[in-house]
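Only one structure is covered here, and it is reproduced in the block below.
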Amino acid sequence: MSEDHAVSALDEDAARSELARLAGLLAAADRAYHQADAPEISDADYDALKRRYAAIEARFPHLRALDSRTGMVGAPPAEGFAKAVHAVRMLSLENAFAATEVTAFDARVRRYLGLTPEEPLAYTAEPKIDGLSLSLRYEGGRLVLAATRGDGETGEIVTANARTIADIPATLAGAPELIEVRGEVYMAQADFAELNARQAETGERTFANPRNAAAGSLRQLDPAITAARPLRFFAYAWGALSEPLAGTQMGALARLAALGFPTNPLTRACDGPQALLAAYRALEAQRATLGYDIDGVVYKVDDLALQRRLGFRAATPRWAIAHKFPAELAWTRLLAINIQVGRTGALSPVARLQPVTVGGVVVSNATLHNEDYIAGRDARGTPIREGRDIRPGDWVQVYRAGDVIPKIADVDLAERPPGTSPWVMPDRCPECGSDALREAGDSVRRCSGGLICPAQAVERLKHFVGRAAFDIEGLGAKQIEAFYRDDQLPIRTPADIFTLAARDAANPTRLKDRDGYGERSVQKLFQAIEDRRTIALHRLIFALGIPHIGESTAALLADSYRSWAAFEAAMTAATIGEGPEWQALVGIDGLGEVTAAAVVATFHQERERMAIDALVAQLMVEDAAPRAPADSPVAGKTVVFTGTLERMSRAEAKARAEALGARVAGSVSARTDLLVAGPGAGSKAAKAAELGVTVIDEDAWRALIGDA
DNA sequence: GTGCCTCGAGTTCC
DNA sequence: CTCGAGGCAC
């Protein structure tokens with residue numbers, strides 16, 4: 001059996017049966033591993049199966065939905081917890097801090113849905129529990145998988161621990177065949193105090209706050225310890241479902257409660273932003289008496305059909321927002337201001353603080369953004385902190401933005417030591433001595449050294465091995481730092497990673513004989529590198545670290561050019577500002593001139609170009625995956641929307657068209673297949689007529705895609 | 001030119 | 001997680 005024969009050779013039918021076969025093998029291996037604790041196959045073989053499964057899925061993404069196992073494919077690692085890919089991503093929420101942001105949220109939702117301010121729109125408001133989120137998968141009414149949120153994409157499997165939590169039912173009666181219940185694991189304040197007292201008595205570590213205690217308790221390798229911890233659970237959402245729970249958020253919560261899950265009794269139905277704000281004020285007033293920590297209120301559009309229409313941005317749903325309570329503040333001394341150099345050369349000032357506890361966490365660093373922020377004004381020159389600047393030695397007020405990132409809110413001028421002067425941004429890179437320049441209209445100062453600057457080179461390499469790029473296991477930030485400075489076996493460019501094993505073999509002192517490395521870990525590292533020699537086009541483009549090219553834009557480029565050969569040829573032939581290759585590039589919807597120029601410039605810079613060529617020579621670059629299924633009438637077609645759309649917003653129309661496999665462009669060209677013109681269509685309609693492009697109105701479009 | 005919506009880049013602590 | 005700014009519609 002050849003697990004590694006080419007995925008690219010499979011046709012769709014073969015892929016479907018192969019997925020089913022692999023799913024069977026993986027399921028059997030999972031059962032053996034989790035239940036009997038006696039694996040039938042080696043970890044390496046399991047990994048090979050899993051990789052092949054993922055490769056086929058990546059190539060035929062629309063087959064993914066056919067297989068309910070997808071969410072459970074997880075490799076048991078050597079230590080710690082196995083990972084599970086969530087069948088439906090666990091997203092985070094956009095945050096709001098002011099009442100105006102809540103009314104803006106309502107306005108945005110209405111605009112997207114095409115509702116007037118007068119039309120009714122129901123919301124829910126529920127307390128935002130300060131714990132950690134957990135996804136519980138039930139099949140046939142039995143709890144089969146519990147996974148933490150992780151990065152939203154992949155979480156850790158904590159099923160055995162979840163089973164010990166009294167609030168979480170082991171079985172459900174009358175539930176859908178498949179249901180993923182999502183909610184928050186938390187610890188009540190009284191239980192937390194008691195636990196900490198007990199921990200202190202027995203000389204064990206105490207926890208800083210209930211959330212840390214809950215997180216630490218859930219992530220115990222020994223479920224017996226979790227069982228002894230007073231964890232609780234509130235259900236508030238769901239992931240994969242074999243049948244809908246209800247038509248509204250409130251209805252779904254009632255259904256979850258009927259299935260035996262605790263749901264928060266303070267959840268309220270609200271008929272508009274004023275009611276949402278009233279619910280917020282009520283919860284804020286009750287906060288101290290609840291017995292558990294909450295850090296804000298979550299607002300959701302109640303109607304689930306509307307939630308579906310609103311859909312998602314890159315990382316957050318459009319139909320929900322978290323209104324956070326004001327952050328806790330603390331005063332401390334600013335000891336120094338240091339400079340960090342990022343991968344784009346940006347010089348970032350970082351505050352070194354006298355350690356201080358803010359919201360249950362000891363903070364000793366804080367971001368200072370840029371020189372304007374330190375000087376007390378924002379990018380537009382508007383004063384912040386009433387224009388007070390920040391100087392080393394100052395007495396400063398610290399808070400954690402979004403309860404995470406430490407920032408400096410204010411300065412007490414009365415406490416300022418005498419004889420200080422305003423802090424000045426260095427005009428040379430502290431890492432390489434190159435000039436640090438601030439372009440007109442830019443808020444950051446950048447090191448001009450490029451790849452000559454060791455700090456930039458290292459940061460570029462860290463980006464390269466990052467999770468959305470090459471994601472090489474065993475080669476993280478720390479290892480990159482070490483290899484960059486290593487004289488015997490250096491990694492200074494991305495291509496060096498892929499020659500690592502061969503160079504090591506030729507060295508008198510082998511890596512496996514060094515301190516900190518063993519035979520096994522070196523073998524694993526080399527294998528992880530080998531696994532990534534084959535790389536998806538979008539990952540490669542993202543990994544190059546071109547300014548302005550993040551994950552989304554890299555995927556956009558990969559999808560537009562399909563293959564590395566086509567992309568590379570076009571970028572090589574292109575000149576900035578003119579010519580057919582340039583026109584094609586800036587014609588991509590969502591990609592403008594600044595971004596396009598950055599890509600073309602990179603391919604024409606000698607040093608960058610040599611690094612790219614040396615890298616690609618080491619790789620097998622996979623073409624972009626085939627588009628959405630070809631069974632929709634607009635699949636593969638290039639569509640342009642113009643004029644005012646009356647029954648849907650432009651963003652919604654675009655999202656819907658893309659889901660059906662169409663490419664949505666911003667302007668009409670000879671490559672346009674269809675122009676959807678609403679009232680008020682101007683030059684685009686004229687151009688379409690000129691080019692002979694089919695023009696239809698909104699109703700005809702809805703009929704075409706089957707939206708009656 | 002203005003205003004919205006996203007994305008990109010940099011950041012902390014566990 | 002936030003800020004700045006690119007891209008696009010109006």
Side-chain angles (χ1 to χ4, degrees), chain A residues 92-97 104-105 107-108 111-112 132 205 207-209 211-213 215-216 219 312-316 318 322 324 327 338-353 355 357-370 372-373 378-380 384 398-408 439 441-444 446 459-460 462-463 466 468 542 545-556 586-598 640-645 649-652 654-655 664-667 678 680-684:
Chain A
S92 51
L93 294 177
E94 189 188 336
N95 287 324
F97 296 93
F105 165 67
R108 206 168 60 221
R111 194 163 46 245
Y112 196 94
L132 69 157
R205 60 165 293 208
F207 297 97
N209 53 52
R211 182 185 38 191
N212 285 3
R219 296 185 72 260
F312 302 89
R313 287 178 289 250
T316 56
R318 291 194 188 83
K324 305 292 279 285
N338 292 161
I339 297 290
Q340 286 180 14
V341 181
R343 111 180 126 82
T344 63
L347 268 51
S348 305
V350 179
R352 305 297 172 199
L353 304 165
T357 302
V358 192
V361 173
V362 177
V363 167
S364 42
N365 300 304
T367 175
L368 289 167
H369 293 298
N370 55 51
D372 283 351
Y373 186 85
D378 70 8
R380 279 165 226 89
I384 50 178
V398 180
Y399 71 105
R400 296 205 304 150
D403 275 341
V404 179
I405 311 286
K407 295 183 64 170
I408 290 179
E439 305 276 336
D442 207 349
S443 57
V444 299
R446 288 177 204 279
E459 293 304 316
R460 287 274 291 267
K462 286 185 193 168
H463 171 82
F542 174 67
I546 300 167
H548 301 118
I549 309 297
E551 245 183 295
S552 295
T553 313
L556 189 64
V586 296
I588 297 171
D589 192 36
L591 202 143
E593 298 205 353
V594 174
T595 313
V640 176
F641 294 95
T642 187
T644 311
L645 302 175
S649 73
R650 186 170 298 273
E652 186 182 1
K654 178 176 172 175
V664 179
S667 59
S683 63
K684 284 183 193 173

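Residue numbers begin at 1 in each chain, while the letters A, B, ... track the order of the sequences. Just so it is clear, the model here is predicted, and its values are computed rather than measured.
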What's the [atom1]-[atom2] distance between [X] and [N], to the nearest Å?
| X | N | atom1 | atom2 | result |
| --- | --- | --- | --- | --- |
| I405(A) | dT12(B) | CD1 | C1' | 5 Å |
| F542(A) | dC7(B) | CZ | C1' | 11 Å |
| H548(A) | dC8(C) | NE2 | P | 14 Å |
| L556(A) | dG8(B) | CG | P | 9 Å |
| E459(A) | dG10(B) | CD | C1' | 10 Å |
| K407(A) | dT2(C) | NZ | P | 8 Å |
| I408(A) | dT2(C) | CD1 | C1' | 15 Å |
| N370(A) | dG8(B) | CG | P | 20 Å |

Checklist entry - Sequence neighbours excluded, which residues qualify as side chain to side chain contact (heavy atoms under 4.5 Å, CB included) partners of R108(A)? => result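 R108(A): side chain to side chain contact (heavy atoms under 4.5 Å, CB included) contacts with E94(A), F105(A), R111(A), R313(A).
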
Next on the checklist: Between H548(A) and V594(A), is the side chain to side chain contact (heavy atoms under 4.5 Å, CB included) condition met? List the steps.
Outcome noted: CA-CA 8 Å; H548(A) 301 118; V594(A) 174; 3.6 Å; yes

Which atoms of nucleotides 2-4 of chain B (N or O only) lie under 3.5 Å from a protein N or O atom, and what are those distances?
residue, atom, partner, partner atom, Å
dC4(B), O3', R111(A), NH2, 3.2

Give a yes/no on whether any side-chain N or O of [X] is located under 4.0 angstrom from OP1 or OP2 of [N].
| X | N | answer |
| --- | --- | --- |
| T595(A) | dG6(C) | no |
| R343(A) | dG8(B) | no |
| T344(A) | dG10(B) | yes |
| Q340(A) | dT11(B) | yes |
| S348(A) | dA9(B) | no |

Item to check | Sugar-phosphate only, base, or nothing, as touched by V444(A) at under 4.0 Å among non-hydrogen atoms | outcome: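 Answer is nothing: V444(A) stays at 4.0 Å or more from every strand.
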
Next on the checklist: Go through it in stages, so that I can follow the logic: the residues are L347(A) and R446(A), the test is side chain to side chain contact (heavy atoms under 4.5 Å, CB included), and I'd like the CA-CA distance, side-chain angles, deciding distance and then a yes or no.
Outcome noted: CA-CA 6 Å; L347(A) 268 51; R446(A) 288 177 204 279; 5.9 Å; no

Side chain of [X] only, heavy atoms from C-beta on: which candidate in [options] is closest?
| X | options | answer |
| --- | --- | --- |
| D589(A) | dG10(B), dT12(B), dC8(C) | dC8(C) |
| V594(A) | dG6(C), dT6(B), dA9(B) | dG6(C) |
| N95(A) | dT2(C), dT12(B), dT6(B) | dT2(C) |

Checklist entry - Hey, which of these two, T553(A) or S364(A), hits DNA chain B nearer its 5' end, going by closest nucleotide? => result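 Taking each residue's closest nucleotide, the earlier one in sequence belongs to T553(A).
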
Checklist entry - If you find the nucleotide of DNA chain B closest to A366(A) and the one closest to G545(A), which residue's nucleotide is nearer the 5' end? => result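 By nearest-heavy-atom nucleotide position, the 5'-most residue is G545(A).
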
Item to check | Test salt bridge (charged side-chain N to carboxylate O under 4.0 Å, His left out) applied to K462(A) - qualifying residues, sequence neighbours left out | outcome: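 Counting only residues at least two positions away or on another chain, K462(A) forms a salt bridge (charged side-chain N to carboxylate O under 4.0 Å, His left out) with E459(A), E481(A).
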
Checklist entry - Hey, mind stepping through R400(A) and I405(A) against side chain to side chain contact (heavy atoms under 4.5 Å, CB included) and telling me if it holds? => result CA-CA 5 Å; R400(A) 296 205 304 150; I405(A) 311 286; over 6 Å; no

Checklist entry - Hey, mind stepping through L353(A) and V363(A) against side chain to side chain contact (heavy atoms under 4.5 Å, CB included) and telling me if it holds? => result CA-CA 8 Å; L353(A) 304 165; V363(A) 167; 3.9 Å; yes

Item to check | Rounded distance (nearest 0.5 Å) linking atom CZ of R343(A) with atom CZ of R460(A) | outcome: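 Separation between the atoms: 7.5 Å.
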
